[in-house]
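What follows is a single structure, written as structure tokens, with notes after it.
Residue numbers begin at 1 in each chain, while the letters A, B, ... track the order of the sequences.
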Amino acid sequence: MEIDRTSVQRALRRLRRTDLPIDTFAMARFLIGKVLVHDVRTCRLSARIVESEAYPVGDSAGHAFRGKTPRNASLFLEPGHAYVYRVYGSCFMLNVTSEPAGIGAGVLLRAAQPLDGIERMQRYRGTERLIDLARGPGRLAEAMAIDLKCDGLDLCARGSLWLADTGENADPVGASPRIGLNRERHRILRFYERGNPYVSGPKSLNQ
DNA sequence: AAGAAGATTCGCT
DNA sequence: GCGAATCTTCTTA
């Protein structure tokens, strides 16, 4: 039977820190099929994560590569914290930290399938098109009301921004080089749910 | 002090 | 497909 992913009657189990892998590669795969939830006032925004990118230790494209600074400090928190930064003047990127405290690494959330709060997301995004609400990291952040206020939040605390497991079986996960990078462009560090139309990037990367 | 680059998006051709 | 928008951070191109 087809699983209904549009119903608000959805079983969302809050992920605890002990549920998370303590490894950047494993975290990037693990997050595919999980749900990102942001409770803003009385409205719940939620979306199923369908695409991620790993920025592991030693990656010269990673923001932690040259050590800890005020901007990237959140990357050095325990696994399951949010690292949010602004790029190109107007876009926010949401990452989930993925290594033990003191080690800077994370996973970028690149695309998601909207579940709850779709009307609100449409307003934030300025478009009705479901497929475009969170397809791309900047769009995902805008749809989910993620900005610098979310930087450093613990996604495993009882806060408004959290991760959930639906209990559904994960679909097959594909891998490819990352998108939009010059450094380390050869590495296979992007993960996506195969065949999911909410995944971003060119078709050639989504086989 | 100034300039380039950047984990992107949107609108136009 | 291409280029502008937009602004913070890091480098000295």
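Here B/dT8 presents its P atom at 10 Å from CD of A/E51, a figure rounded to the nearest Å. Between A/N182 atom CG and B/dT8 atom C1' there is a gap of 13 Å when expressed in whole angstrom units. Atom-to-atom, CZ of A/R66 to P of C/dT11 comes out at 6 Å; the value is rounded to the nearest Å. Following rounding to the nearest Å, A/I131 (CD1) and B/dT9 (C1') show an atom-to-atom distance of 17 Å. One can place OH of A/Y124 at 19 Å from P of B/dT9, the figure rounded to the nearest angstrom. In this structure, the CZ atom of A/R129 is 15 Å from the P atom of B/dT9, given to the nearest Å. Atom-to-atom, OH of A/Y85 to C1' of C/dC7 comes out at 14 Å; the value is rounded to the nearest Å. With rounding to whole Å, A/R178 atom CZ is found 14 Å from B/dG6 atom C1'.
Nucleotide B/dA7: unpaired (no Watson-Crick or G-U wobble partner with both distances less than 3.5 Å). The pairing partner recorded for C/dT6 is none, the criterion being a Watson-Crick or G-U wobble arrangement whose two distances lie under 3.5 angstrom.
For the C1' atom pair drawn from C/dT9 and C/dA13, the interatomic distance equals 16 Å after rounding to whole Å. Rounded to a whole angstrom, the distance from the P atom of C/dG1 to that of B/dA7 is 23 Å. For the P atoms, the distance linking B/dA5 with C/dG3 amounts to 15 Å, nearest Å.
Evaluation of A/Y88 against the base of C/dA5 yields no stacking contact (centre distance < 5.5 Å, interplanar angle < 30° required).
Between A/V50 and A/I32, every side-chain heavy-atom pair lies at or beyond the 4.5 Å cut-off. The shortest side-chain heavy-atom distance between A/N196 and A/D171 does not fall under the 4.5 Å cut-off.
The hydrophobic cluster around A/Y85 extends to A/Y55, A/L75, A/F76, A/Y83, A/V87, A/Y88, A/M93, A/L108, A/L181, counting ILVMFWY residues whose side-chain heavy atoms fall within less than 4.5 Å of a member.
Residues A/G106 and A/T24 share a closest heavy-atom pair of O-CG2, 3.5 Å. A/V107 approaches A/S52 most closely through the heavy-atom pair CG1-CB, 3.7 Å.
A/R183 has no side-chain polar atom (N or O) that falls below the 4.0 Å cut-off from OP1 or OP2 of B/dG6. For C/dC10, the OP1/OP2 oxygens have a side-chain nitrogen or oxygen of A/T69 closer than 4.0 Å. Contact annotation: A/R86 does not reach the phosphate of B/dT9 (side-chain N/O to OP1 or OP2, under 4.0 Å).
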Item to check | Audit row: A/E78, A/T97, side-chain hydrogen bond (donor to acceptor under 3.5 Å, both in side chains) steps and yes/no | outcome: CA-CA 7 Å; A/E78 284 186 288; A/T97 59; over 6 Å; no
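No salt bridge links A/E51 with A/R135; every basic N to acidic carboxylate O contact stays at or beyond 4.0 Å.
Checked against C/dT9, B/dG6, B/dC10, the side chain of A/R71 finds its nearest nucleotide in C/dT9.
Residues A/N95 and A/D132 each lie close to DNA chain B; by heavy-atom proximity, the contact nearer the 5' end of the strand is made by A/N95.
Residues from residues 99-111 of chain A with heavy atoms under 4.0 angstrom of DNA chain C: there are none.
By the criterion of side-chain heavy atoms lying less than 4.5 angstrom apart, applied directly or through intervening Ile, Leu, Val, Met, Phe, Trp or Tyr residues, A/M27 is grouped together with A/L140 in one hydrophobic cluster.
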